[in-house]
Protein chains: 2
Amino acid sequence: MIEMTDVKKNSVYEYLYNAIRTGEIKPGQTLTERGLAEKIGVSRTPVREAIRKLEEQGIVTHEPHKGVKVITLSVGKVAQLYDVRELLEGLAARKLAERHTPEGISELARLIDKAEQEAVANHVHELARINSEFHLTLARLSGNVYLEAIMNMLQTQIGLMMSASLSTSGRPLQNISEHKMLIDAIRSGDGEFAESIAKHHVRNAREHAMQKLTEGGE
Amino acid sequence: MIEMTDVKKNSVYEYLYNAIRTGEIKPGQTLTERGLAEKIGVSRTPVREAIRKLEEQGIVTHEPHKGVKVITLSVGKVAQLYDVRELLEGLAARKLAERHTPEGISELARLIDKAEQEAVANHVHELARINSEFHLTLARLSGNVYLEAIMNMLQTQIGLMMSASLSTSGRPLQNISEHKMLIDAIRSGDGEFAESIAKHHVRNAREHAMQKLTEGGE
DNA sequence: CCCCTTCATTTGGTATACCATATTAATGAA
DNA sequence: TTCATTAATATGGTATACCAAATGAAGGGG
């Protein structure tokens, strides 16, 4: 149960995103500005703004005079998500390989180190967060501002999906290993190569996600 | 000069977007909620919301306690935009080719017809709008909800860029011709082929845009 | 003359109230 | 009972007011 005391500090958006992520607010559920405002103890204004942001990020859909509805992440949509992601991760890796700096590489390396620590400690939530940050950082370092914005949306969606099926399997370690390979490829400066590694990595992640979805829920 | 009377009807976002597009509000210019509210005759609330949306779409950047600043579309950024667009248009075309319906094809064909009419009438603004709608429709028909959302952002940015250098050259006709080729490719059902046509089309559009940018302004 | 402190102004954020419109419920007539 | 009309309610949108925080300017001390 998420504390509703002084939500202001963290922003209503964070509160709602986490509430949806953790399942406190379930897919398909309808939300209203007034209802949420009362529930979390703030006025309509910040709630309204948060809902708009959720809408922009594709987490809720708005139907006039009915309220907003939390999306349901179907298998089909996850496949669509990874279709887009594969291309964009590939582009990011290629561009970054062609313009990589020692600082950028070490920034990514640091994130991998952190991920490794969280992985052995079995902190799945933290691990997921750092994983997301890794890919966002990659997009940012690629130098393409659009990639950064888009990847942010995709990672937001992935964050929702992941919490449903948190992988405690051997995937985290393989994931980290793939990230290391990706960094090496980027450091090599070979754009084509880095792109292929990145795309391969996304395809693996996709397979894993799809498998989790089809066997577990849905 | 855009009329400010009863902006409510069209929404503040549209007003601001057009004001920026037409150059009434110039790149680099700083905007404030209160200033805009007074200028266009509405309260801060809808202005605030519109600004947030502009921010999400990457049209303005917000610096705390300084106001929001209208972005400057550099040549580099436009190149980044087309890098992303090429991949995604390719994906959209491929997916649509693999699931095309007669209704979808005729919807696209209708838009091309309209574009042709506006082209011969030399209505450059209308032509640009329909052109944008063509690509948005393509993304929507591809069945990938993420493509649709992303393409919307990209087209919004392109809309800004186009108004700076409105092409009265022979490009419109070539553009329409390429769209026709794309539809044929999609109708053939050959995903690979449709993808290559779409990517080629984007590369041409990119060349044209870059040329206009480097010779004209910047 | 310069720097530091203080205060006014500007901006950001939130709360509350009001009105329009759409949906839903209630009521009444066929 | 069923349908149409009307009334109540919920939602969306906007306006206004208030408070906090940050910036920039003014004034005082070194």
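The figures that follow rest on heavy atoms only: side chains count, while hydrogens, waters and symmetry mates do not. Within every chain, numbering begins at 1; the chains are lettered A, B, ... in the order of the sequence lines, protein sequences first and strands thereafter.
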Rounded to whole Å, how long is the line connecting atom OH of B:Tyr13 with atom C1' of D:dG13?
19 Å
Please check if the side chain of B:Asn175 supplies one atom and the backbone of B:Arg171 the other of a donor-acceptor pair under 3.5 Å.
no
Reference residue B:Glu89; test side chain to side chain contact (heavy atoms under 4.5 Å, CB included); the match among B:Lys199, B:Met151, B:His201:
B:Met151
Earlier contact from the 5' end, DNA chain D, for B:Pro46 and A:Gly67
A:Gly67
Whole-Å distance separating the CD1 atom of B:Ile51 from the C1' atom of C:dT11
11 Å
Length of the CD-P vector between B:Glu63 and D:dT23, whole Å:
11 Å
Taking the nucleotide of DNA chain C with the nearest heavy atom to each, does A:His65 or A:Thr45 sit closer to the 5' end?
A:Thr45
May I ask you to verify if any side-chain N or O of B:Arg52 is less than 4.0 angstrom from the OP1 or OP2 atom of C:dG13?
yes
For the side chain of B:Arg99 and the backbone of B:Leu141, is there at least one donor-acceptor N/O pair under 3.5 Å apart?
yes
NZ (A:Lys77) with more than 12 external heavy atoms under 6.0 Å:
yes
Think A:Ser43 has a side-chain N or O under 4.0 angstrom from the OP1 or OP2 of C:dT14?
no
Can you measure B:Arg34 atom CZ to D:dT16 atom C1' for me and round it to whole angstrom units?
11 Å
What is the distance, rounded to the nearest whole Å, between atom CD of A:Glu49 and atom P of C:dA15?
12 Å
Heavy-atom donor-acceptor pair, A:Ser142 side chain to A:Asn144 backbone, under 3.5 Å:
yes
For A:Leu36 and D:dA10, what is the distance between atoms CG and P respectively, to the nearest whole Å?
16 Å
May I have the step-by-step check of side chain to side chain donor-acceptor pair (under 3.5 Å) for B:Gln157 and A:Tyr146, ending in yes or no?
CA-CA 10 Å; B:Gln157 294 276 329; A:Tyr146 301 100; 3.0 Å; yes
Return yes if a side-chain donor-acceptor contact under 3.5 Å exists between B:Gln155 and B:His135, otherwise no.
no
Any side-chain N or O of A:His62 less than 4.0 Å from the OP1 or OP2 oxygen of D:dT11?
no
Against the side chain of A:Arg44, the closest entry in D:dA15, C:dG13, C:dC18 is C:dC18
Whichever of A:Thr32 and B:Lys66 has the more 5' nearest nucleotide on DNA chain D, that residue is A:Thr32
A:Arg48 side chain near D:dG13 phosphate (N/O to OP1/OP2, under 4.0 Å)
yes
5'-most by nearest nucleotide on DNA chain C - A:Pro64 or B:Leu31:
B:Leu31
Restricting to nitrogen or oxygen on both sides, can you table the protein-nucleotides 4-6 of chain D pairs closer than 3.5 Å?
none

